[in-house]
J.: 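Below is one structure. I have some questions about it.
Along the sequence shown, residues are numbered consecutively beginning with 1.
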Amino acid sequence: MEALPSPLESARFIAGRSRDVSVDEEGARKVAESLFDKASEAAFGLSGWKSLHELNPRAASEEAVSWVFLVDTLNFSFWSESAEQKCLVRYKGKAYSGYWALCAAVNRALDDGIPITSASYYATMTLDQVRQVFRSDTEVPMPLLEERHRVLNESGTVLLEKFGGSFLTCVKMSENSAQKLLRLVVENFPSYRDEAVFEKKKVSFYKRAQILVADTWSVLEGKGDGFFGDISSLTIFADYRIPQVLVHLKAMKYSEDLMKKLREGTVFKSGDREEVEIRGCSIWCCTLICKHLLDLYEKKGQDMRDQINAVLLDYYLWDYARDHREDMKDIPFHRVRCIYY
């Protein structure tokens with residue numbers, strides 16, 4: 001497989017040539033300053049992944065790694081066509097929407113004795129079985145169920161044929177390198193190849209592949225097979241929530257023309273110029289925020305390179321987006337229906 005520029009190299013290239021999206025360097029610096037006190041709190045740390053999210057696995061086990069692989073294989077396209085009508089999954093007395101509806105559906109299936117995290121099960125799942133496992137408790141189904149079915153069959157088959165049915169085998173093969181694991185995932189699992197062409201040059205984002213590496217690091221608590229010495233080489237995971245937060249925080253700006261399209265509810269295709277600019281500039285913007293944050297600590301004589309990276313910044317901003325949804329109503333997110341995010 002041809003080696004493409006990394007998401008970071010791609011982001012630098014896109015941000016330097018972007019027409020409708022711009023990164024505001026001063027805005028990025030101000031976001032870094034606002035995060036200065038928070039970056040040492042639990043909400044910003046690795047422990048927050050388990051302690052703040054009740055649906056995530058508690059154990060650091062092979063089963064938990066299998067859960068992470070399944071969830072990130074299906075971690076795409078949860079936005080609702082309408083704010084009033086959403087896909088909701090009820091689990092243990094609580095209704096979950098968006099990505100958390102997926103997690104709740106997986107946990108509900110496991111509680112019902114369905115071995116949904118087993119590759120030998122989902123490699124041969126039928127579309128009807130997928131519909132049943134990921135059923136909504138409202139009239140609105142989870143989006144792209146046919147694509148989820150295809151991706152499950154494909155990924156389960158690859159796991160069985162190449163990795164003995166376990167994603168942990170793949171993790172061990174990475175020899176504690178986040179970049180090596182990222183390459184293994186992208187080369188072996190077609191649905192993770194999140195790439196585009198911009199200004200006649202191939203670029204990569206690898207949103208789900210990077211989040212899979214990051215969530216593996218998180219569920220294994222950065223220890224043993226989950227210790228990645230180069231975890232800070234990952235970028236943020238370019239989706240539709242992070243750009244919205246960055247514009248809200250004034251670290252990124254949209255042109256009037258793009259804002260008009262977003263307000264009109266334009267649905268972009270994966271690979272459209274505007275979509276590529278939004279995602280590339282988001283990655284570059286968060287890279288700058290991390291850099292400014294590390295510089296602020298360095299001026300105070302603290303080396304925080306082990307505690308601050310794009311993964312933890314992404315986790316923090318994604319939670320911020322969920323908690324400040326009302327504040328961000330005036331900034332629409334970009335709409336794309338695809339399997340990459």
J.: Going by the ring pair (Phe, Tyr, Trp, His ring centres under 6.0 Å) test, which pairs reach into residues 291-311, not counting sequence neighbours?
T.: Phe36-Tyr297

J.: Using a strict 4.0 Å threshold on nitrogen-to-oxygen distance, state whether Lys260 and Glu256 make a salt bridge.
T.: no

J.: Taking the ring centre of each residue, are His334 and Tyr341 less than 6.0 Å apart?
T.: yes

J.: Assess the pair Phe163 and Phe69: is the distance between their ring centroids shorter than 6.0 Å?
T.: no

J.: Evaluate whether atom CD of Glu26 has more than 12 neighbouring non-hydrogen atoms of other residues, nucleotides or ligands under 6.0 angstrom away.
T.: yes

J.: Would you list the pairs meeting salt bridge (Lys or Arg N to Asp or Glu O under 4.0 Å) in which at least one residue belongs to residues 77-99, sequence neighbours left out?
T.: Glu54-Lys94, Glu81-Arg337

J.: Which salt bridge (Lys or Arg N to Asp or Glu O under 4.0 Å) pairs, counting each pair once, include a residue from residues 107-119, with sequence neighbours left out?
T.: Arg108-Asp137

J.: Taking only residues two or more places apart in sequence, or in another chain, which ones meet Thr138 in a side chain to side chain donor-acceptor pair (under 3.5 Å)?
T.: Ser136

J.: Can you name the ring pair (Phe, Tyr, Trp, His ring centres under 6.0 Å) partners of Tyr320, sequence neighbours left out?
T.: His324

J.: Restricting to side chain to side chain donor-acceptor pair (under 3.5 Å), what partner residues turn up for Lys162, sequence neighbours left out?
T.: Asn188

J.: Hey, are Arg241 and Asp239 close enough for a salt bridge, meaning a charged N less than 4.0 Å from a carboxylate O?
T.: no

J.: Whether the Asn309 and Ser232 side chains hold a donor-acceptor pair (N or O, under 3.5 Å, no angle test) is what I'd like checked.
T.: no

J.: Using modelled atom types only, decide if a donor and an acceptor are shared between the side chain of Thr266 and the backbone of Leu262 within a distance under 3.5 Å.
T.: no

J.: What distance separates Ile331 CD1 from His248 NE2, expressed to the nearest 0.5 Å?
T.: 6.5 Å

J.: Do NZ/NE/NH1/NH2 and the carboxylate oxygens of Lys269 and Glu274 come within less than 4.0 Å?
T.: no

J.: Please determine whether a side-chain nitrogen of the Lys or Arg among Glu9 and Arg12 lies less than 4.0 Å from a carboxylate oxygen of the Asp or Glu.
T.: no

J.: Holding to ring pair (Phe, Tyr, Trp, His ring centres under 6.0 Å), I want the full list of residues that pass it with Tyr99, two or more places apart in sequence or in another chain.
T.: Trp318

J.: Distance from Thr73 atom OG1 to Leu212 atom CG, nearest 0.5 Å?
T.: 6.5 Å

J.: Would you check if there is a donor-acceptor pair between the side chains of Asn107 and Trp67 at a distance under 3.5 Å?
T.: yes

J.: How would you list, by chain and number, every residue that makes a side chain to side chain donor-acceptor pair (under 3.5 Å) with Arg148, sequence neighbours excluded?
T.: none

J.: Between Arg150 and Ser191, is there a side-chain donor-acceptor contact under 3.5 Å, judged purely by atom types and distance?
T.: no

J.: Can any side-chain N or O of Glu275 pair as donor or acceptor with the backbone N or O of Gly271 at less than 3.5 Å?
T.: yes

J.: Which residues pass the salt bridge (Lys or Arg N to Asp or Glu O under 4.0 Å) test with Glu33, sequence neighbours left out?
T.: none

J.: What pairs with Tyr122 under ring pair (Phe, Tyr, Trp, His ring centres under 6.0 Å), at least two apart in sequence or on another chain?
T.: none

J.: Any ion pair linking Asp194 and Lys207 (charged N to carboxylate O, less than 4.0 Å)?
T.: no

J.: If only atom types and distance count, is the side chain of Thr235 paired as donor or acceptor with the main-chain N or O of Leu8 below 3.5 Å?
T.: no

J.: Test the Arg335-Tyr240 pair against the cation-pi criterion, namely NZ or CZ under 6.0 angstrom from the six-membered ring centroid and within 45° of the ring axis.
T.: no

J.: For the side chain of Arg131 and the backbone of Glu146, is there at least one donor-acceptor N/O pair under 3.5 Å apart?
T.: no

J.: To the nearest 0.5 angstrom, please state how far the CD atom of Glu63 sits from the OG atom of Ser166.
T.: 9.0 Å

J.: Crowded around Arg325 CZ? As in, over 12 foreign heavy atoms under 6.0 Å?
T.: yes

J.: Between Glu195 and Lys202, is there a donor-acceptor pair closer than 3.5 Å when you use the side chain of the first and the backbone of the second?
T.: no

J.: Does any pair with a residue in residues 220-236 pass salt bridge (Lys or Arg N to Asp or Glu O under 4.0 Å), and if so which ones, sequence neighbours excluded?
T.: Lys50-Glu221, Lys172-Asp225, Glu221-Lys223

J.: Has the side chain of Arg193 got a donor or acceptor atom that lies under 3.5 Å from a matching backbone atom of Val186?
T.: yes

J.: Residues in side chain to side chain donor-acceptor pair (under 3.5 Å) with Gln302, at least two apart?
T.: none

